[in-house]
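The structure under discussion appears below in the form of C-alpha cells.
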Amino acid sequence: MLTFLLKRTLYALISLLAITLIVFSLSHLSGNPLDALLPDDATPAQIEQVTRHLGLDRPITVQYLTFLQNAAMGDFGDSLKWKGQTAAEVVWERLPATLQLGGLALLISIVVALPLGVMAAVYKNTALDAVATVIALLGQSLPAFWLGLVLMWVFAVTLGWFPTSGYGGLSHMILPAIAMAWFQVAALTRLTRSAMLEVLDAEYIKLARVKGVQERSVVWKHAFRNAAIVPVTYFGVLAGSLLTGSVVIETVFNWPGTGWLAITAIQGRDFPVVQTVVLFFAVLFLLANLIVDVLYALIDPRIRNT
Amino acid sequence: MTNADPILRVENLRTELALSSGPIEVVRGVSFSVNKGETLGIVGESGSGKSMTALSIMRVLPRPIGRIASGSIYLDGRDLVPMTDSQMTQIRGREIGMILQDPHTSLNPVYTIGNQVIEALQINKQRGGLLQKAINLLKKVNVADSERRVHAFPHQMSGGMKQRVVGAISIAGAPKVIIADEPTTALDVTIQLQYLELLEQIQQETGTAIVFITHDLGIVARLCHRLVVMYAGQIVEEGTVDDVFDAPSHPYTVALLNSVPHVDRKVDRLYAIEGNPPALHEIGTGCSFAPRCPLSDARCRTSAPPTVAGRSHAPDHFAACWKSGELA
Ligand SMILES: Nc1ncnc2c1ncn2[C@@H]1O[C@H](COP(=O)(O)OP(=O)(O)OP(=O)(O)O)[C@@H](O)[C@H]1O
Ligand code: SF4
Ligand SMILES: [Mg+2]
C-alpha cells in the first residue's frame, strides 16, 4: 500500500516537472516577454536594464533552473496588471472562490449522479432508467456556458430567485455550480450505470443473493463497492474538467475565482499571473489524481497488495 | 436410504426467459423431489436447463428477463412460488443454500473471507464472537490455517480453498437443502475428490438434503442416491442411481452412459452423443430428443411421449419415452 502510494506520488512529481518545463517553454515561444513588459517606446537602456533584471541574458537552462527554484519557493514574479502584488498573491487570493464553486459543483455531481446511476442499473429498462438516460443525453448535448446563460436568464433575471452574478454566499453559487455540474452529472450517471450493470451480472452478486443478503445490501455493499472503481477513476478527469470549466463559468457569472482571473490576466497580458494559474491548476489536478489513487487502494485489496 | 419424506418437491415447474428475440421456455414442466438426508443428482448436457431449474428454486433468475411462469416448489410443505421477493430473501441462505460453479468468481473480491462468512452468520441471526464462529465454520470445511485465512482476500487463496469458503457460507444457516451447481467443475481432480468427501461429511453431520448438478456421471455414481436426467428443459428419466445405471430406460440416458467409458472416471462433457440439443424455440410438439434418437419414428416426432415405468420396474423409476420397452 505504502509503496504503491509512494510510486504514485513520484509519478505526480515527474508530471509536475514536465508541466513546469512546458509552461517555461511556452513563455519563451510566445514571443519575447519584454514586449509585454515594456512600453512600445522604451529606450535601449531601459530594455537592457529589464533584460538583466529578469536574467533574460543568461543561458536558457540557467533561466529554467532559476524559474524552477523560484517556483518551488512560490515566487512567480510580480503581477503586471495588479501593481504591487506578486503573481502568487494574486492567484492565491482567488483560489478559495474557485475551490468553493468547484467543490459545490463536485458535490452536486456526486450526490445526484451516483444514486441515479446505481438506481438506473438496478431498475434497468424501467421508467427510472429512461429518465436517467434522458438526463445523460441532455447533459452531454448542452454546452455549459449556454446552460449558464439560460439558468441565469430564467432563475435570476426572470424569476429573481437568485442573484444574477458576482461573488457571495450559497445563493450566488447555486446557478454557476449547477451549470458546471450538469455535464458531469450526465457523464457520471452514465458511467455509474454501466459499471453497476456489469457488476450486477457477476457471480459474487448471485452468491450474495443466494446467501440471503437483503437486496439493498446486495446493491450497495456488494455491487457498488466494486462498481465504484469506475466513477472514482472518472473523479480525476472530473476534477480537471471542473477546473477548466471554471474558466468559462466564472467568466459568465462574473465569479472572481482563478478561472475568471485567467481570462482577465490573458486580456491584460499579465504573463506571470497566467503562468501561475496554469501551474496551480496543474498541481490541483495532480492532487486530485493522487486522491484517486488513494481511493483505489482503499476500495480494492488487489491494488493495495501490489 | 429413501425414507420417502420429501423436503423439497418441485412440481411442473416452467421458467421463461424474455429474450429480445422473444420469450423462450428454458424449464419445461420439471417435477422431482428430494428427501431428507438424500443426494439427488441432476445430469444433462450443457444448456439442458439444470442451472435455470436451480436458480428458479432460489429465485435468483437473471434479471430482469427470467421468471417462473407456472408450477410449485414445496420446501418442507410450503410453496415458494407465490412468496414475495422479500419472503424469499428470508428463505435463501437460511433454509436453502447454494454453491455456485466457479469459486474464482463467486466470492466478492473486495471483502475478506471473514467478512463474507460473518455476513452469512449474521443473516442467520448469530450474534457475538462472530470472528471465532467464522473461524470455526472454516475449520469445519477444512480450511487449513483458518485463523489467518479469515483475514485473507479471495485473490490470495486457491480455487479449492475458495470453494470450501463458499461451502462454509452455504451451511452457515444449517439449511434443509443445499443446491450445488457443478461445484467441482473448476477444480483439479484431487481437489474435486476432497470436496466431494467434504460434502458427504457435511451431509452426515447435518442431515441436509443435497441437489447435485453435474456433467459427471462418475460423480453421480459416487455421491448420489437418485438422479434425474434432463434434456432440453425437461426431465427424461428419473430413478435411483442403481436402477438408472443398470436399466436405463430412455435412449438419451443410454447414450449418456455409453459416452462414459468407465463410470468411475471423470468425464468433462457429455458431447459424445451425435448432434446437438435443439434450440429451445425450435422444439415442436413431439419428443425433443427425436432428431438425435436412433429409435425415433413418426409418432415420436409429432406427439409428446408419455411418462412410463422404467425398465427396472422399481416404483420410483420413470422415463418419458414412447419406446422405452424396446431398449435392451
Ligand atoms: N442469461 C441468459 N440469456 C439467454 N439465454 C440463457 C441465459 N441463461 C441461460 N440461457 C439459456 O437457457 C438454457 C438453459 O441454460 P442452463 O444454464 O440452465 O443450462 P445448464 O443445464 O445449466 O448448462 P451447463 O451445464 O452449461 O451449466 C440454455 O439454452 C441457455 O442458452
Ligand atoms: S420418444 Fe421416441 S424419439 Fe423420444 S426418446 Fe423415445 S424413442 Fe426416442
Ligand atoms: Mg449450468
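So that the names make sense, note that chain A is the first sequence line, chain B the second, and so on, each numbered from 1. We use all heavy atoms of the structure for the numbers below, so side chains are in, but hydrogens, waters and symmetry mates are not.
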For [X], which atoms come within 4.5 Å of any heavy atom of chain A: side chain, backbone, both, or neither?
X        : result
B/Arg59  : neither
B/Gln116 : both
B/Leu55  : side chain

What option among [options] has the most heavy-atom pairs under 4.5 Å with chain A?
options                               : result
B/Ser86, B/Ser106, B/Ala120, B/Gly97  : B/Ser106
B/Leu107, B/Ile179, B/Asp85           : B/Leu107
B/Asn115, B/Ile99, B/Val166           : B/Asn115
B/Ile123, B/Thr89, B/Asn108, B/Ile169 : B/Asn108
B/Pro154, B/Pro109, B/Pro175          : B/Pro109

Side chain to side chain donor-acceptor pair (under 3.5 Å) between B/Asn124 and A/Lys211, intermediate numbers included: CA-CA 10 Å; B/Asn124 288 288; A/Lys211 127 189 193 190; over 6 Å; no
In Å and rounded to the nearest 0.5 Å, what is the [atom1] to [atom2] distance from [X] to [Y]?
X        : Y        : atom1 : atom2 : result
B/Gln101 : A/Lys206 : CD    : NZ    : 9.0 Å
B/Met98  : A/Leu207 : CE    : CG    : 9.0 Å
B/Arg63  : A/Ile205 : CZ    : CD1   : 10.5 Å
A/Lys221 : B/Tyr111 : NZ    : OH    : 5.5 Å

Within a 6.0 Å radius of atom [atom1] on [X], are there more than 12 heavy atoms belonging to other residues, nucleotides or ligands?
X        : atom1 : answer
A/Glu198 : CD    : no
A/Trp255 : CH2   : yes
A/Arg216 : CZ    : no

Distance-only donor-acceptor check, side chains B/Glu119 and A/His222, under 3.5 Å: yes
Side chain, backbone, both or neither of A/Ser217 within contact of chain B (heavy atoms, under 4.5 Å): side chain
Axial cation check for B/Phe153 ring with A/Arg302, 6.0 Å and 45° limits: no
Carboxylate-amine/guanidinium proximity below 4.0 Å for A/Glu203 and B/Lys162: no
